[in-house]
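Heads up: the structure comes next, in structure tokens.
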Amino acid sequence: MKNLTGRLRLRRCLVSALALQLLITGVALADEPWSERTRALGAIAEMPTGVLSRDKLETLTETGKALFEASFTTLDGVGRPEATQAIDPTRRKHPREQAFFRTAGPDAGSCAACHNQPASGGAGDFVANVFASEGFESADFDSLDPQFSSERGTNHLFGAGLVELLAREMSLDLQAVRTEALAQARRTGEAVRLSLTAKGIDFGYISAEPDGSVNLDELDGVDTDLVIRPFTQKGVMTSLRQFTVNALNQHHGMQADERFGARWTGSDDFDGDGKTGEITAGDVSAMVAWQATLPAPVRMVPEIDGWAEAAARGETHFADFGCTTCHRPALPLESLSFADPGPFDLAGTLNDGQVGAAAVYDIALLDWAKSLPRDDQGRILVPLFGDLKRHVMTDNQIDSLGNELLSQRFVDRNIFQTAELWGVGSTRPYGHRNDFSSLDEIILAHGGNGRQARDAYDAAAKAEKSDLIAFLKTLVIVP
């Protein structure tokens, strides 16, 4: 026993001597296993480019997952004492002392703190609601007042790569219609009015004049640049890369060089927290890769007597009630080749025109993607139960989904993108504010463009409603 005690004392002395030597010589403790810095930061030394092998993709996604789940610390650069949560780099009027603040942010140490149901990358309960106030360029507030901030539930990210690929293809289709309208108008010398459709979804009409001008007054559910922005509940974020850069700044005060670095702001430490190079382009690429390759939600029927039969009937009712008008069971996708950066991002988020070559990875190589259905033309059928289109969700009688006071990115407060229902059985509660505890409640809250389907459901027999719920609860996330 005496010998053991002596050995323990000797070990403590050696450890103390080592720690003292590290302090004296200035050797950083960041490489030690007990370091409070996030070890995955900077692990991707250079932004990946070209076609990635499966091994390289796995390394990238493993790093991305580590960053998504990391609890960032002030040693990493958490906090933004001299910068606001705005998308455009904006200085605060009054430096903030606290690293975290619930409403205007930063409000979380990690991405997974909110995206965690039923697993990392998933949705969040009401307690994980966020505040979408980044549209206020010079905001400097500490308030829950809805005139300053819109409260939102956390969406899941499973299948997000497929969603972005659909949006890119649909944007190209819509822009091709614009090009064709202008060409016809020039050729004929007369005004031309064409229907804007992409993958069977109607986005209104575009009119072109022989002088090259266009009339966009008849657009429906899409921005005037004809770019589908599939992320966030308002449908205002173009890509996973933009979503990631925005969220890192707003929720963590971790600022990406590609937007907050010297290139755009003239400063290596725009937020004034004493840390530079907080998030590199390689870090963002890794986080995008992990999110883009998260498996798509699936259908899974519980092994309970009668559930399969009820769900089958419910799927029929889902169509009969008119739910599929917006919640399209599947949209066709031409290619599973994902490029990052993508083609449609604007200043502050890298796009494919700002890099020598984008990183390209084939989602088809992933095991989960091999089970995705295809149509008779060989196109992948993405079973998202959505349409990537914005809709008015309130009317004079039903306005529960119009409880926001602010527009976001010029999208009116009662307009939201159709919620993709894949995974809905795993992501209770519901609604853009997470304030509907059951599927029945959120269905009955549909007004505006969803009113007809809502009324059909409301008028249905109790057994039919039950069958519909049984069907929706088979749409689940399996990590």
Candidate pair F131 and E151, rule side chain to side chain contact (heavy atoms under 4.5 Å, CB included), full reasoning: CA-CA 5 Å; F131 297 85; E151 187 177 356; 3.9 Å; yes

Using a strict threshold of under 4.0 Å (side-chain N to carboxylate O), is an ion pair present between [Y] and [X]?
X    : Y    : answer
R299 : E315 : yes
R433 : E404 : no
D399 : R413 : no
R241 : D345 : no
K389 : D387 : no

By salt bridge (charged side-chain N to carboxylate O under 4.0 Å, His left out) - contacts of R451 (at least two apart):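 In terms of salt bridge (charged side-chain N to carboxylate O under 4.0 Å, His left out), with neighbours along the sequence ignored, R451 is linked to D395, D455.
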
Identified ring-ring contact (aromatic ring centres under 6.0 Å, His included) counterpart of F471 within the set F321, W307, F318: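 Going through F321, W307, F318 one by one, the ring-ring contact (aromatic ring centres under 6.0 Å, His included) with F471 is satisfied by F318 alone.
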
ring-ring contact (aromatic ring centres under 6.0 Å, His included) partner of F416, chosen from H391, H446, H432: H432

Would you mind writing out the side-chain donor-acceptor pairs for residues 168-176 within the sub-3.5 Å range, not counting sequence neighbours?
{"residue": "R168", "atom": "NE", "partner": "E164", "partner atom": "OE2", "Å": "3.3"}
{"residue": "R168", "atom": "NH1", "partner": "A339", "partner atom": "O", "Å": "2.9"}
{"residue": "R168", "atom": "NH2", "partner": "E164", "partner atom": "OE2", "Å": "2.7"}
{"residue": "R168", "atom": "NH2", "partner": "A339", "partner atom": "O", "Å": "2.8"}
{"residue": "E169", "atom": "OE1", "partner": "K199", "partner atom": "NZ", "Å": "2.8"}
{"residue": "E169", "atom": "OE1", "partner": "E334", "partner atom": "N", "Å": "3.0"}
{"residue": "E169", "atom": "OE2", "partner": "E334", "partner atom": "N", "Å": "3.2"}
{"residue": "E169", "atom": "OE2", "partner": "S335", "partner atom": "N", "Å": "3.2"}
{"residue": "S171", "atom": "OG", "partner": "A167", "partner atom": "O", "Å": "2.8"}
{"residue": "S171", "atom": "OG", "partner": "I228", "partner atom": "N", "Å": "2.8"}
{"residue": "Q175", "atom": "NE2", "partner": "D225", "partner atom": "O", "Å": "3.2"}

What I'd like to find out is whether the side chain of [X] reaches to under 4.5 Å of the side chain of [Y], using heavy atoms alone.
X    : Y    : answer
V382 : L372 : no
P429 : F436 : no
L248 : D283 : no
F243 : N155 : no
Q255 : N249 : yes
P230 : L166 : no
P48  : Y361 : no
I363 : L165 : yes

Inter-residue atom distance [X].[atom1] - [Y].[atom2], 0.5 Å rounding:
X    : Y    : atom1 : atom2 : result
D352 : F344 : CG    : CZ    : 9.0 Å
D362 : T293 : CG    : OG1   : 12.0 Å
I206 : S195 : CD1   : OG    : 11.0 Å
T427 : H156 : OG1   : NE2   : 5.5 Å
K234 : R390 : NZ    : CZ    : 8.5 Å
D320 : R313 : CG    : CZ    : 13.5 Å

Worked check of salt bridge (Lys or Arg N to Asp or Glu O under 4.0 Å) between D217 and R193: CA-CA 12 Å; D217 291 344; R193 178 175 179 263; over 6 Å; no

Mark yes or no for whether [X], through its side chain, and [Y], through its backbone, hold a donor-acceptor pair below 3.5 Å.
X    : Y    : value
D257 : T280 : no
H115 : G122 : yes
D220 : D202 : no
N351 : Q354 : yes
D76  : T38  : yes

For [X], which of [options] qualifies under side chain to side chain contact (heavy atoms under 4.5 Å, CB included)?
X    : options               : answer
L162 : I380, L384, L336      : L336
V284 : L240, I44, L67, I279  : I279
C114 : T154, V127, N129      : T154
C111 : H251, E69, Q291, M287 : M287

If I compare all heavy atoms of [X] with all of [Y], which pair ends up nearest, and what's the gap?
X    : Y    : value
T238 : V227 : CG2-CG1, 4.2 Å
G124 : N434 : O-ND2, 2.9 Å
A330 : L381 : CB-CB, 4.1 Å
D223 : R229 : OD2-NH1, 2.8 Å

More than 12 heavy atoms of other groups within 6.0 Å of [X] [atom1]:
X    : atom1 : result
Q452 : CD    : no
D375 : CG    : yes
K465 : NZ    : yes
K65  : NZ    : no
K370 : NZ    : yes

Residue pair L157, F68: steps toward the side chain to side chain contact (heavy atoms under 4.5 Å, CB included) verdict: CA-CA 12 Å; L157 296 166; F68 192 91; 3.8 Å; yes

Short side-chain donor-acceptor distance under 3.5 Å, Y205 and N215: no

R428 side chain to S437 side chain, donor-acceptor N/O pair below 3.5 angstrom: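 Absent: no donor and acceptor within the cut-off.
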
Derivation and outcome, side chain to side chain contact (heavy atoms under 4.5 Å, CB included), residues F158 and S426: CA-CA 11 Å; F158 284 83; S426 302; over 6 Å; no

side-chain hydrogen bond (donor to acceptor under 3.5 Å, both in side chains), paired with T349, selected from Q242, R259, E258: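 Answer after filtering Q242, R259, E258: R259.
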
Test side chain to side chain contact (heavy atoms under 4.5 Å, CB included) applied to M393 and I415, step by step: CA-CA 6 Å; M393 295 305 299; I415 294 178; over 6 Å; no

